[in-house]
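In what follows, a structure is listed as structure tokens, so that the remarks can point back to it.
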Amino acid sequence: MDYRVHKLHGLQETQFQRHAKDMAKTVDISHYDGIVCVSGDGVLVEVLNGLLERDDWEKAIQIPLGAIPAGSGNGVAKSLLTAAGEPCDVWNATFAIIRGQKQSLDVATVAQGQARFHSILLLCWGYIADVDIESEKFRWMGGFRFEFYSLLRIVWLRQYHGTIAYIPAPGYEETGSPYTGEFDSFSGETSSMLSDTERSWRTSGYSGPLGASLMKDWRVMSGEFILVLLQNIPWATEDFLAAPSAKFSDGYLDLVVLRNCPKWALLKLVLQMQKGTHIKSKYVQYLKVKAFRMTPGARTKGSVQGGYIDVDGEVIARGIGAEGDGSSDTMFFALKYIYTTHHYQD
């Protein structure tokens, strides 16, 4: 007997920024068993945000997403394949998808007022964001653009004023300083973004985890920063093991803070980032957090504000004087941001 299975499939190439997001918001997911992104991390994140902005987001988020590395970063594919004991390449990613291998993954939400951006990779500000965004002009170099521009930014090192606050995971309660009202001007909506057990709905889509929090639970760091990095998964790119202790679905974010680091030590740290040993440096603070708040400031020793808030490789806000046209940025710079995580079960 001849058994034939006819399965609906489709192939679409993105034509403009956020095209993948638009497609994910409108696709009839009942026709498909999964969505595979042949790209870097950006298209995958667009698809995630599109699915979470649908009216039926609770159903849509259950559809498996596949990542075949074809970009310059590929942090998601690298993290998933490394955890599976496989090298990060197109063939291994393709076969893993064919075999139906799945991995639960936390989704974090960045909030500023009513604006939302959902994240699965990272949030960064300072050195790494500057390298990620400003190296775009060297995209023709491929992944080497990151190493090249990393060295340039060490030579002309920037530091930024700012304040960050976070709820530490158990074991990290003594880091930072006690909360003393630095973020009391938060609105009632944003100051309550914490709990995994309560969720809120916008007119359309998922708004992020909401719930009550106690100010005594927060810890604070203020002053000058070289970099602030929140990582949801271990690898930020194929060559950058940003958070070696990060877990896919533990409900926490790994926070990396670098301050008061001389240039020669930063060069050594950049070289150590390939193996994740940078977190052992005395200049690095590495901890796990449940929620995070930030007010970014201007560069030190200069009149230019500058700086970028980079989430999963996309600029959601940039300071005055930073490169690029910020007219389409999701949020405003120098206002407060909240970054919280939610655990989804398969």
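Small disclaimer: the values here were computed from a predicted structure and weren't measured.
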Go through the steps to decide whether V45 and E314 satisfy the test side chain to side chain contact (heavy atoms under 4.5 Å, CB included), and finish with yes or no. CA-CA 9 Å; V45 173; E314 178 172 337; 5.8 Å; no
What is the minimum heavy-atom distance between Q305 and I320, and which atoms define it? OE1-N, 2.8 Å
List the steps and the verdict of side chain to side chain contact (heavy atoms under 4.5 Å, CB included) for I29 and R54. CA-CA 11 Å; I29 58 174; R54 297 168 60 110; 4.0 Å; yes
Could you tell me which residues satisfy side chain to side chain donor-acceptor pair (under 3.5 Å) with T26, sequence neighbours excluded, listed by chain and number? none
Does one side chain, of Y166 or T175, offer a donor that lies under 3.5 Å from an acceptor on the other? yes
Heavy atoms only: give me the nearest H161-W125 pair and the separation to one decimal. O-CH2, 3.2 Å
Salt-bridge criterion met for R116 and E53 (N-O under 4.0 Å): no
Minimum heavy-atom distance A246-P234, with the two atoms named: O-CG, 3.6 Å
For the side chain of K275 and the backbone of L241, is there at least one donor-acceptor N/O pair under 3.5 Å apart? no
What's the spacing between I35 CD1 and L44 CG if we round to 0.5 Å? 9.5 Å
Nearest heavy-atom neighbours spanning D312 and S119: OD1-OG, 2.9 Å
Sequence neighbours excluded, which residues qualify as side chain to side chain contact (heavy atoms under 4.5 Å, CB included) partners of W264? P262, Y283
Does any part of the side chain of Y286, heavy atoms only, come nearer than 4.5 Å to the side chain of P244, both counted from C-beta? yes
What one should report as the nearest heavy-atom pair of R219 and E174 is NH2-O, 3.8 Å
Holding to side chain to side chain contact (heavy atoms under 4.5 Å, CB included), I want the full list of residues that pass it with S177, two or more places apart in sequence or in another chain. none
Determine, using the 4.5 Å side-chain heavy-atom cutoff (strictly less than), whether F240 and I120 are members of one ILVMFWY cluster. yes
Does D106 use its side chain to pair, donor to acceptor, with the backbone of G251 at less than 3.5 Å? yes
Worked check of side chain to side chain contact (heavy atoms under 4.5 Å, CB included) between V228 and Y160: CA-CA 10 Å; V228 174; Y160 295 90; over 6 Å; no
In chain order, what residues pass the salt bridge (Lys or Arg N to Asp or Glu O under 4.0 Å) check against R259, with sequence neighbours excluded? none
Output for pair (Q285 CD, I279 CD1), nearest 0.5 Å, gives 13.0 Å
Donor-acceptor list for residues 78-86 side chains, cut-off 3.5 Å, not counting sequence neighbours:
from: S79; atom 1: OG; to: G75; atom 2: O; distance (Å): 2.9
from: S79; atom 1: OG; to: W235; atom 2: N; distance (Å): 3.0
from: T82; atom 1: OG1; to: K78; atom 2: O; distance (Å): 2.7

For K288, all residues meeting salt bridge (Lys or Arg N to Asp or Glu O under 4.0 Å), sequence neighbours excluded: D250, D254
Does any N or O in the side chain of Q231 come within less than 3.5 Å of the main-chain N or O of V256, such that one atom is a donor and the other an acceptor? no
By salt bridge (Lys or Arg N to Asp or Glu O under 4.0 Å) - contacts of D130 (at least two apart): R158
With respect to C124, which candidate in I133, L229, L227 satisfies the side chain to side chain contact (heavy atoms under 4.5 Å, CB included) definition? L229
Qualifying residues under side chain to side chain contact (heavy atoms under 4.5 Å, CB included), relative to A24, sequence neighbours excluded: V47, L51
Any donor and acceptor pair, going by atom type alone, linking the side chain of D329 with main-chain N or O of I316 inside 3.5 Å? no
Are any side-chain N or O atoms of Q112 and backbone N or O atoms of V110, one a donor and one an acceptor, separated by less than 3.5 Å? no
In this structure, are over 12 heavy atoms from other groups packed under 6.0 Å from K137 atom NZ? yes
Residues at least two apart in sequence or cross-chain that pass side chain to side chain contact (heavy atoms under 4.5 Å, CB included) with K268, listed by chain then number, are Q272
D89 meets the salt bridge (Lys or Arg N to Asp or Glu O under 4.0 Å) criterion, sequence neighbours left out, with none
Can you give me the closest heavy-atom contact between D28 and S30, atom names plus distance? OD1-OG, 2.5 Å
Atom pair CZ/CG of F248 and N232 - distance to nearest 0.5 Å: 9.5 Å
Given 3.5 Å as the limit, does a donor-acceptor pair link the side chain of N92 with the main chain of P87, or not? yes
Please write out which residues are connected to W91 in a hydrophobic cluster, directly or through intermediates, given that two of Ile, Leu, Val, Met, Phe, Trp, Tyr count as joined at side-chain heavy-atom separations below 4.5 angstrom. F95, I98
Remaining members of the apolar cluster that contains I97, side-chain heavy atoms under 4.5 Å: V36, V38, I68, V90
Between Y149 and F138, how do the two ring planes meet: parallel, tilted or perpendicular, split at 30° and 60°? tilted
Could you please spell out the steps behind the side chain to side chain contact (heavy atoms under 4.5 Å, CB included) verdict for D310 and I128? CA-CA 9 Å; D310 177 356; I128 291 176; 5.8 Å; no
Just how far is it from atom CG of L267 to atom CD1 of I154, taken to the nearest 0.5 Å? 5.0 Å
If only atom types and distance count, is the side chain of R318 paired as donor or acceptor with the main-chain N or O of E323 below 3.5 Å? yes
Does any non-hydrogen side-chain atom of V270 lie less than 4.5 Å from one of Y127? yes
So, does E46 use its side chain to make a donor-acceptor pair with the main chain of R18 at under 3.5 Å? yes
